[in-house]
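The first residue in the sequence is number 1, and the count goes up from there.
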Amino acid sequence: NAIGTVDRDTLEVTEIPTPFKGPRRMRFAADGTLWIPGFDEGKLARFDPATRQFETIALPVLGKGEYEMPYALAVHPQTGDVWIAANNTDRVLRYIPKEKRFIAYPMPNRVIWFRDFDFTADGKVCTSNSNLPAYAHEDKVPAFVCITP
């Protein structure tokens, strides 16, 4: 429940407690902002390394009483949009920081678990499901998924 920094000169490690549980695959945006998925609490966090301040944003859910489990996250290098694996609801979420809004992309199958994203030169956002063995998937087939936003 913390993130950390390493001083490049002294190699001293500094831990910074997060205001949410379960930080996972965090990524930096081009402007230096660190985006962090809060796996245990269904949050997206924006961390400013200069001020060491957090802003937490609740992820959208499908219904009352539900929760999300964000694991993978990637920041588009040109747009700054934050792409999040919403694994509990089999969706990919896109957060547009300039507008402070989410767009949800439902996946075609259930029991999908995404662990990372990549961006193609022609503008697609791609990921693969990672459940092993493949028979854990609804259709029993491993998948590579690309979204054209």
Side-chain angles (χ1 to χ4, degrees), residues 1-62 66-107 109-134 136-137 142-149:
N1 299 328
I3 60 174
T5 63
V6 178
D7 183 289
R8 69 177 68 178
D9 297 322
T10 66
L11 300 181
E12 179 182 350
V13 176
T14 302
E15 285 191 8
I16 304 163
T18 57
F20 53 89
K21 295 178 183 174
R24 290 295 192 272
R25 295 187 176 199
M26 57 200 87
R27 300 289 188 264
F28 282 99
D31 67 0
T33 299
L34 181 62
W35 291 95
I36 310 165
F39 182 79
D40 294 354
E41 294 187 20
K43 305 276 186 194
L44 170 65
R46 179 187 179 280
F47 178 72
D48 183 336
T51 64
R52 295 199 172 182
Q53 297 296 308
F54 288 92
E55 173 190 4
T56 57
I57 304 152
L59 295 179
V61 293
L62 297 175
E66 291 187 348
Y67 62 95
E68 195 50 79
M69 297 168 60
Y71 185 82
L73 177 148
V75 182
H76 194 282
Q78 281 78 43
T79 66
D81 292 353
V82 181
W83 291 82
I84 307 146
N87 289 320
N88 208 41
T89 56
D90 299 308
R91 298 178 298 160
V92 171
L93 300 175
R94 174 183 174 197
Y95 181 69
I96 305 171
K98 294 173 189 167
E99 300 174 12
K100 295 190 179 239
R101 73 178 177 103
F102 287 94
I103 298 173
Y105 298 85
M107 294 297 99
N109 296 321
R110 300 297 169 248
V111 192
I112 294 175
W113 196 268
F114 299 130
R115 295 191 182 270
D116 218 338
F117 292 97
D118 205 355
F119 304 101
T120 64
D122 63 352
K124 293 181 180 79
V125 180
C126 297
T127 186
S128 62
N129 59 17
S130 67
N131 293 13
L132 290 174
H137 296 279
F144 189 74
V145 176
C146 289
I147 299 168
T148 304

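- Looking at residues two or more places apart in sequence or on another chain, you find a side-chain hydrogen bond (donor to acceptor under 3.5 Å, both in side chains) between R27 and D116.
- Partners of T18 by side-chain hydrogen bond (donor to acceptor under 3.5 Å, both in side chains), not counting sequence neighbours: none found.
- Residues passing the side chain to side chain contact (heavy atoms under 4.5 Å, CB included) test with R101 are I96, E99, I103, sequence neighbours excluded.
- Side chains of Y105 and R94: a donor on one and an acceptor on the other come within 3.5 Å.
- Heavy-atom minimum distance, P70 versus G42: CD-CA, 3.8 Å.
- Residues forming a side-chain hydrogen bond (donor to acceptor under 3.5 Å, both in side chains) with K100 (at least two apart in sequence, or on another chain): E55.
- Scored by the salt bridge (charged side-chain N to carboxylate O under 4.0 Å, His left out) test, D90 finds no partners at all (sequence neighbours excluded).
- A pairwise comparison of heavy atoms in P106 and A104 identifies CD-O, 3.6 Å as the closest pair.
- Considering only residues two or more places apart in sequence or on other chains, C146 meets the side chain to side chain contact (heavy atoms under 4.5 Å, CB included) condition with K124, C126, F144.
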* To do: Quick one: do V6 and L11 satisfy side chain to side chain contact (heavy atoms under 4.5 Å, CB included)? Show the steps, please.
  => CA-CA 6 Å; V6 178; L11 300 181; 4.3 Å; yes
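- For Y67, there are no side-chain hydrogen bond (donor to acceptor under 3.5 Å, both in side chains) partners at least two apart in sequence or on another chain.
- In this structure, the side chains of N1 and P23 come closer than 4.5 Å at one or more pairs of heavy atoms.
- Sorted by first then second residue, the salt bridge (Lys or Arg N to Asp or Glu O under 4.0 Å) pairs that include residues 39-49, not counting sequence neighbours, number zero.
- Here I3 contributes atom CD1 and T14 contributes atom OG1; the two are 11.0 Å apart, rounded to the nearest 0.5 Å.
- Pairing each heavy atom of P149 with each of G123, the nearest pair is CD-O, 3.4 Å.
- In this structure, the side chains of F102 and L59 come closer than 4.5 Å at one or more pairs of heavy atoms.
- For Q78, the side chain to side chain contact (heavy atoms under 4.5 Å, CB included) partners are H76, not counting sequence neighbours.
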* Asked: Could you walk me through whether E68 and T89 pass the side chain to side chain donor-acceptor pair (under 3.5 Å) check?
  -> CA-CA 7 Å; E68 195 50 79; T89 56; 2.5 Å; yes
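- Considering T127, I84, V145 as possible partners of F117, the one that fulfils the side-chain contact (heavy atoms from CB on, under 4.5 Å) test is T127.
- Within the 4.5 Å cutoff, the side chain of L62 has heavy atoms near those of the R91 side chain.
- Residues forming a side chain to side chain contact (heavy atoms under 4.5 Å, CB included) with D9 (at least two apart in sequence, or on another chain): D7.
- Side-chain contact between L44 and P37: absent, with no pair of heavy atoms (C-beta onward) separated by less than 4.5 Å.
- We find the CG-OH distance between N87 and Y71 to be 9.5 Å, quoted to the nearest 0.5 Å.
- Note: F28 CZ to W35 CH2 = 13.0 Å, rounded to the nearest 0.5 Å.
- The list of salt bridge (Lys or Arg N to Asp or Glu O under 4.0 Å) pairs with a residue in residues 15-24, not counting sequence neighbours, is empty.
- For the residue pair R25 and L73, the shortest heavy atom distance occurs at O-CB, 3.6 Å.
- For F114 and W83, the gap between ring centers reaches or exceeds 6.0 Å.
- Note that CZ of R52 is 4.0 Å distant from CD1 of I16, once rounded to the nearest 0.5 Å.
- Counting only residues at least two apart or on different chains, the ring-ring contact (aromatic ring centres under 6.0 Å, His included) pairs with a member in residues 42-61 are F47-F54.
- The shortest non-hydrogen separation linking P77 to A30 is O-CB, 4.2 Å.
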